There are 2 protein chains.
Amino acid sequence: MPDAAPKKPSRIQKRNRHLILDAALDVFSAHGYRGATLDQIAEAAGLSKPNILYYFGGKEDIHVTLLNQLMETWLDPLIEMNGEGDPMTELLGYVQRKLDMSRELPRESRLFAGEILQGAPRMNPHLVADLKPLFDEKCAVIQGWMDAGKLASIDPRHLLFSIWSTTQHYADFEAQIVVLLSGEAPYDTASDMLDRMFRNLLRPEPA
Amino acid sequence: MPDAAPKKPSRIQKRNRHLILDAALDVFSAHGYRGATLDQIAEAAGLSKPNILYYFGGKEDIHVTLLNQLMETWLDPLIEMNGEGDPMTELLGYVQRKLDMSRELPRESRLFAGEILQGAPRMNPHLVADLKPLFDEKCAVIQGWMDAGKLASIDPRHLLFSIWSTTQHYADFEAQIVVLLSGEAPYDTASDMLDRMFRNLLRPEPA
DNA sequence: TCGTGTATTTACCAAATGGTCAAAAGTTCT
DNA sequence: AGAACTTTTGACCATTTGGTAAATACACGA
């Protein structure tokens, strides 16, 4: 084993790394990379700043670790979309899964959005290496469904963009939505509305 | 005149304030509020840092000024949506105007997105005072159209959210779109796609 | 229980950053 | 030209912030 022996992490190590990452997710998603400080993260994690640097190489290391973890979570719902299943069911299911992610993981959504918004300085490699291939693969699947007449013909790339934007909007623009809906819970209504929107869009024209 | 005499700004003042705001828009939209530095703004504006502070009270003052200006621009396309016009034409026209804004003012879109993403710390008053009333008013107009059977019945609030998210996505997530489309220009295809999507969604059911 | 490696803290540092101030350089108007 | 102003600059400062080093406290297997 030529690599530096990784050793198995102790109980304390696992607990503290987790604590730190969770705190960092809070802080980074709320203030952005540059707006977040190690002191804030330390405070939120209940640890001292030097202690945090004992577990991570530095601020950037924490951020990158978070982004790496996130990428997997992020791709999951799309991976689940099954090329063998019923096209309409699969696509509408994907919409709902994505909307659920906004509801249940808003911090992650905002972390991702912030990174992309600033030009993906630390995530571009991931986009190219992980997201792009999956994107191309799933676009081909969708195109196949359309060619088979199972769905209306729409550019699959823009179809996916519209799914992502409409669903993530509820997490990323939450501050605006809270104001406009006077705090009323948006997700149930949003779920109906998006289901209807994409159903109408994708329903194949009767010959 | 009890107010501090405002005087009319000199030619130099007007030029420099404009230079600074344009530079600041570049820097703030690219790095976020906290990520932007006065030195970067000064450099981009071609002025010295103290000179910038001669024209503006401070970093926050610049940011707030930008946000105030932006709010007007931002509301414009929605204001233009005319309650007297043909419902489908008005709504689809609004979609296109909003998409045009993403194409032509991506920096403004990202500045706005960044501010909301971080909880609208400096913009919340504007949202409540300016956006909310307009939002309510236009929702009522749309609801009127639906009640009259001119459009399919959809929650107008979520309809507007979906218009905003799909159109702004092309500016805010540009870094991602560039990767996924391999640099291919997205706007023409997006325009067709969105027109179709909202047309299908809003077409009233034949009785 | 004791020694060894693991965790944590205290005290610190250098660079970056928002901001100030007084002097110098331009403008403008008479 | 010269007084009266606006604009610009160079030198400076206090704070914040990411990060380090060495000493101390702690956990755990033999």
Side-chain angles (χ1 to χ4, degrees), chain A residues 4-67 111 114-115 118 121-122, chain B residues 4-67 111 114-115 118 121-122:
Chain A
K7 282 197 166 183
K8 57 183 167 187
S10 76
R11 201 156 23 92
I12 291 178
Q13 256 177 47
K14 238 168 50 176
R15 175 177 52 91
N16 280 354
R17 280 184 68 96
H18 189 274
L19 234 62
I20 292 168
L21 288 175
D22 189 67
L25 179 55
D26 265 359
V27 178
F28 279 132
S29 69
H31 307 295
Y33 178 74
R34 194 78 188 307
T37 73
L38 284 179
D39 294 279
Q40 285 175 301
I41 296 174
E43 157 111 40
L47 299 173
S48 69
K49 180 166 64 173
N51 202 5
I52 287 201
L53 293 169
Y54 173 73
Y55 290 102
F56 288 91
K59 187 182 180 181
E60 177 144 15
D61 185 26
I62 301 179
H63 195 245
V64 168
T65 304
L66 232 31
L67 252 27
L111 180 73
E115 170 71 9
Q118 314 214 330
R122 275 166 268 276
Chain B
K7 282 197 165 180
K8 56 182 167 187
S10 76
R11 204 156 18 93
I12 291 179
Q13 256 177 48
K14 237 166 53 175
R15 175 177 52 90
N16 280 354
R17 281 185 68 96
H18 189 275
L19 267 170
I20 292 168
L21 287 175
D22 189 68
L25 180 55
D26 265 358
V27 179
F28 280 131
S29 69
H31 306 294
Y33 177 73
R34 193 76 189 311
T37 73
L38 284 179
D39 295 277
Q40 284 175 301
I41 296 174
E43 157 111 43
L47 299 174
S48 69
K49 180 166 65 173
N51 202 5
I52 287 202
L53 293 170
Y54 173 74
Y55 289 102
F56 288 91
K59 187 183 181 180
E60 177 144 13
D61 185 25
I62 301 178
H63 195 246
V64 167
T65 305
L66 231 32
L67 253 25
L111 180 73
E115 171 70 10
Q118 314 214 327
R122 275 167 266 276

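Note that the structure is a prediction, hence the values are computed from the model and not measured. Computed over heavy atoms, backbone and side chain alike; hydrogens, waters and symmetry mates excluded. In what follows, every chain begins at residue 1, and chains take the letters A, B, ... in the order their sequences are listed.
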Rounded to whole Å, please give me the gap between [atom1] in [X] and [atom2] in [N].
X     : N      : atom1 : atom2 : answer
A:L38 : C:dC12 : CG    : C1'   : 16 Å
B:H63 : C:dT17 : NE2   : P     : 17 Å
B:H31 : C:dA16 : NE2   : P     : 16 Å
B:I41 : C:dT17 : CD1   : P     : 12 Å
B:K59 : C:dT20 : NZ    : P     : 15 Å
B:F28 : C:dT17 : CZ    : P     : 13 Å
B:L47 : C:dG26 : CG    : C1'   : 15 Å
A:I52 : D:dT20 : CD1   : C1'   : 16 Å

Of the listed nucleotides [options], the one nearest the side chain of [X]:
X     : options               : result
A:K49 : C:dT17, D:dG19, D:dT7 : D:dG19
B:L53 : D:dT7, C:dG19, D:dG19 : C:dG19
A:P50 : D:dA11, D:dT7, D:dA21 : D:dA21

- Most 5' of A:G35 and A:G57 on DNA chain D, judged by nearest nucleotide: A:G35
With a cut-off of 3.5 Å and sequence neighbours excluded, list every side-chain donor-acceptor pair involving residues 38-49 of chain A.
| residue | atom | partner | partner atom | Å |
| --- | --- | --- | --- | --- |
| A:Q40 | OE1 | A:T37 | N | 2.9 |
| A:Q40 | OE1 | A:T37 | OG1 | 3.4 |
| A:S48 | OG | A:N51 | N | 3.3 |

- Note on the structure: The single option from A:D22, A:L21, A:N16 that satisfies side chain to side chain contact (heavy atoms under 4.5 Å, CB included) with A:L19 is A:N16
- Task: With B:Y55 as reference, evaluate B:D61, B:I62, B:I20 under the side chain to side chain contact (heavy atoms under 4.5 Å, CB included) test and give the passing residue.
- Result: B:I20
- From B:K59 NZ over to B:L53 CG, what is the distance, rounded to the nearest 0.5 angstrom? 11.5 Å
- Message: Nearest 0.5 Å, please: how far is OH in B:Y33 from CD in B:E115?
- Response: 10.0 Å
- Task: Look at all strands and tell whether A:A42 reaches a base, only sugar-phosphate, or nothing, counting heavy atoms closer than 4.0 Å.
- Result: nothing
At under 4.0 Å, does any side-chain N or O of [X] touch on OP1 or OP2 of [N]?
X     : N      : value
A:Y54 : C:dA7  : yes
A:Q13 : C:dT6  : no
B:S48 : D:dT8  : no
B:N51 : D:dT9  : yes
B:N16 : D:dT8  : yes
A:R34 : C:dT17 : yes

- Quick one: side chain to side chain donor-acceptor pair (under 3.5 Å) partners of B:H63, sequence neighbours excluded? B:R122
- Looking only at non-hydrogen atoms, find the nearest pair between A:L111 and A:L25 and report the distance. CD2-CD1, 4.0 Å
- Note on the structure: Students should find that the end-to-end axis angle of the helix from C:dT1-D:dA30 to C:dT30-D:dA1, with five pairs defining each axis and rounding to 10 degrees, is 10°
- Closest-nucleotide 5' rank along DNA chain C - winner of B:D39 and B:I12: B:D39
